[in-house]
Amino acid sequence: MQCNQDMDYYMSLCLAIISVVFLIRQFTYPAAYGKHVATGKKQNEFMVSARYGWFIQELPSFLVPVVVILYRQQCSSLGCKMLSFMFCGHYFHRTFIYSAFTRGRPSPLRIVLMAVVFCTYNGFLQGHCMVYVATYPKDWCMDLRFLSGVLIFCLGMGINIHSDYILRRLRKPSEVAYKIPQGGMFNYVSGANFFGEIVEWCGYAVATWSLPGFAFAFFTLCCIGPRAYHHHKFYLQSFKDYPSERKALIPFIF
């Protein structure tokens, strides 16, 4: 297991503890953004548009590792390359592409700021581990963990991007009403976009075989896994014709 340096170890442990807290909190009350944010008279917070909100909160996850790489002034190690192409690649898409096309509802400023804090923390943790601490044997690129991890990561990212595309096409530019998503992994689960992202970071954890990577994958599961469950309940309560065979997060199981 990579990144057992004291700082990375304790930061990963802290992330795992936060994950459990989020899991308990999210199963009771879903985070107040998207379809779970209060509207009308109940809304008494400063709101940030979906496009600006996603851009602001995701930017540290891309920018912080890039700064770590630039500070080191070299990126020849395998760990640095995995960080650049997998972690930074995902957040380049989320920051500059996804945020530009999203048609979601505005988010409370406090949610955006909390996400900025987390993304800064996690971006530094992943960047520091992969650039300064992780070391891999010369044949790691042929290791089953690396090959399977990269494959799982790419599969998850593809599901995530395709699912976001399906959700985006459900609405016209001025619409905010929710509709039943169809196609892709949405034929099997209500939280197809969440399923894809969880699979993606599990693949990253396996490919990097790092403690921070596994801690982040666990956090992703604990944070957006329950959200898929609440989305599923929302759809069942909102649409009488919602497919009864569709699960919340895991196809055919849950």
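All values reported here derive from a predicted model rather than from experimental measurement.
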### Query
Will you find, in the side chains of Tyr165 and Arg169, an N or O donor that is under 3.5 Å from an N or O acceptor?
yes
### Query
Is Leu125 linked to Tyr71 within one hydrophobic cluster, defined over Ile, Leu, Val, Met, Phe, Trp and Tyr using a side-chain heavy-atom separation of less than 4.5 Å?
yes
### Query
Would one find more than 12 heavy atoms of other residues, nucleotides or ligands at under 6.0 Å from atom OH of Tyr52?
no
#### Entry: Criterion ring pair (Phe, Tyr, Trp, His ring centres under 6.0 Å) on Tyr136 and Trp209, from CA distance to verdict
CA-CA 10 Å; Tyr136 296 94; Trp209 207 249; over 10 Å; no
### Polar contact flag, side-chain donor to acceptor under 3.5 angstrom, Gln126-Asn122
yes
### Query
Should Phe85 and Met142 be regarded as members of a common hydrophobic cluster, given that ILVMFWY residues are connected when their side-chain heavy atoms come within less than 4.5 Å of each other, either directly or indirectly?
no
### Task
Report the distance from atom CZ of Phe55 to atom OG of Ser49, rounding to the nearest 0.5 Å.
11.5 Å
### Task
Measure across Ile56 and Val116 and return the closest heavy-atom pair with its distance rounded to 0.1 Å.
O-CG2, 3.7 Å
### Query
If only atom types and distance count, is the side chain of Lys179 paired as donor or acceptor with the main-chain N or O of Leu170 below 3.5 Å?
yes
### Message
Could you check whether any side-chain heavy atom of Phe214 comes within less than 4.5 Å of a side-chain heavy atom of Ser12, counting everything from C-beta outward?
### Response
no
### Summary
Rounded to the nearest 0.5 Å, the CD1 atom of Ile18 sits from the OH atom of Tyr121 at a distance of 5.5 Å
### Message
Using side-chain heavy atoms (C-beta onward) and a distance below 4.5 Å, is Ser61 in contact with Thr95?
### Response
no
### Rounded distance [0.5 Å steps], SG in Cys14 versus CZ in Phe219
11.0 Å
### Message
The test is side-chain contact (heavy atoms from CB on, under 4.5 Å); show your working for Leu23 and Leu221 and say whether it passes.
### Response
CA-CA 8 Å; Leu23 178 65; Leu221 174 64; over 6 Å; no
### Query
Is any side-chain heavy atom of Met7 closer than 4.5 Å to a side-chain heavy atom of Phe124?
yes
### Closest contact, heavy atoms only, Pro65 versus Cys88
CB-SG, 3.7 Å
### Co-membership, hydrophobic cluster, residues Ile159 and Leu151, 4.5 Å side-chain
no
### side-chain contact (heavy atoms from CB on, under 4.5 Å) involving Ile152 - partner list, sequence neighbours excluded
Val199
### Message
Below 30° counts as parallel, above 60° as perpendicular, anything between as tilted: where do the rings of Phe252 and Tyr188 land?
### Response
perpendicular
### Message
Check whether Trp140 reaches the backbone of Ala207 with its side chain - one donor and one acceptor, N or O, closer than 3.5 Å.
### Response
yes
### Query
Is the ring centre of Tyr178 less than 6.0 Å from the ring centre of Phe234?
yes
### Query
Does the ring centre of Phe62 sit less than 6.0 Å away from the ring centre of Phe96?
yes
### Query
Ring centres of Phe87 and Tyr91 under 6.0 Å apart?
yes
### Task
Describe, in one word, how the ring planes of Tyr235 and His231 are oriented to each other, choosing from parallel (under 30°), tilted (30 to 60°) and perpendicular (over 60°).
perpendicular
### Summary
Note: Leu249 and Ala228 closest approach over all heavy atoms is CD1-CB, 3.8 Å
### Task
For atom CZ of Phe27, decide whether the heavy atoms of other residues, nucleotides or ligands shown that lie under 6.0 angstrom number more than 12.
yes
### Message
Pair Tyr242, Ser190 - check side-chain contact (heavy atoms from CB on, under 4.5 Å), show working.
### Response
CA-CA 10 Å; Tyr242 194 72; Ser190 299; 2.5 Å; yes
#### Entry: CG-SG distance between Leu147 and Cys141, expressed to the nearest 0.5 angstrom
8.0 Å
### Message
Checking the side chain of Arg246 only, and the main-chain atoms of Phe186 only, is there a donor and an acceptor separated by less than 3.5 Å?
### Response
yes
### Task
Take Arg94 and Asp164, measure what salt bridge (charged side-chain N to carboxylate O under 4.0 Å, His left out) needs, and give me the verdict at the end.
CA-CA 11 Å; Arg94 298 294 287 185; Asp164 285 336; 3.0 Å; yes
### Message
Please find the pair of heavy atoms, one from His90 and one from Glu200, that lie closest to each other, and give the distance.
### Response
ND1-OE2, 2.7 Å
### Heavy-atom donor-acceptor pair, Asn193 side chain to Asn160 backbone, under 3.5 Å
no
### Task
Keeping the roles fixed (side chain from Arg227, backbone from Pro30), state whether a donor-acceptor pair exists under 3.5 Å.
no
### Least distance between heavy atoms, Val64 atom then Gly123 atom
CG1-C, 3.7 Å
### Query
Can you find a pair of side-chain heavy atoms, one from Pro181 and one from Leu167, that are under 4.5 Å apart?
yes
### Task
Can you measure from OG1 (Thr208) to CG (Leu83) and round to the nearest 0.5 angstrom?
9.5 Å
#### Entry: Beyond-backbone contact of Gln182 with Ile166, side-chain heavy atoms, under 4.5 angstrom
no
### Query
Hey, what do you get for CZ (Phe118) to CZ (Phe22), rounding to the nearest 0.5 Å?
7.5 Å
### Test log, rule side-chain contact (heavy atoms from CB on, under 4.5 Å), inputs Phe218 and Cys222
CA-CA 6 Å; Phe218 181 60; Cys222 293; 3.5 Å; yes
### Message
Tell me if a side-chain donor or acceptor on Gln26 pairs with a main-chain N or O of Cys223 at a distance below 3.5 Å.
### Response
yes
### Summary
Looking only at heavy atoms, the pair that brings Ser148 and Leu144 closest together is OG-O, 2.6 Å
#### Entry: Check against side-chain contact (heavy atoms from CB on, under 4.5 Å), Lys81 and Met130
CA-CA 9 Å; Lys81 291 176 181 177; Met130 300 307 291; over 6 Å; no
### Message
Grouping I, L, V, M, F, W and Y whenever their side-chain heavy atoms are under 4.5 Å apart, do Phe194 and Ile161 come out in a common cluster?
### Response
no
### Non-hydrogen side-chain atoms of Leu109 and Met47 separated by less than 4.5 Å
no
### Task
Anything under 30° is parallel, anything over 60° is perpendicular, the rest tilted; go ahead and classify Phe216 against Trp201.
tilted
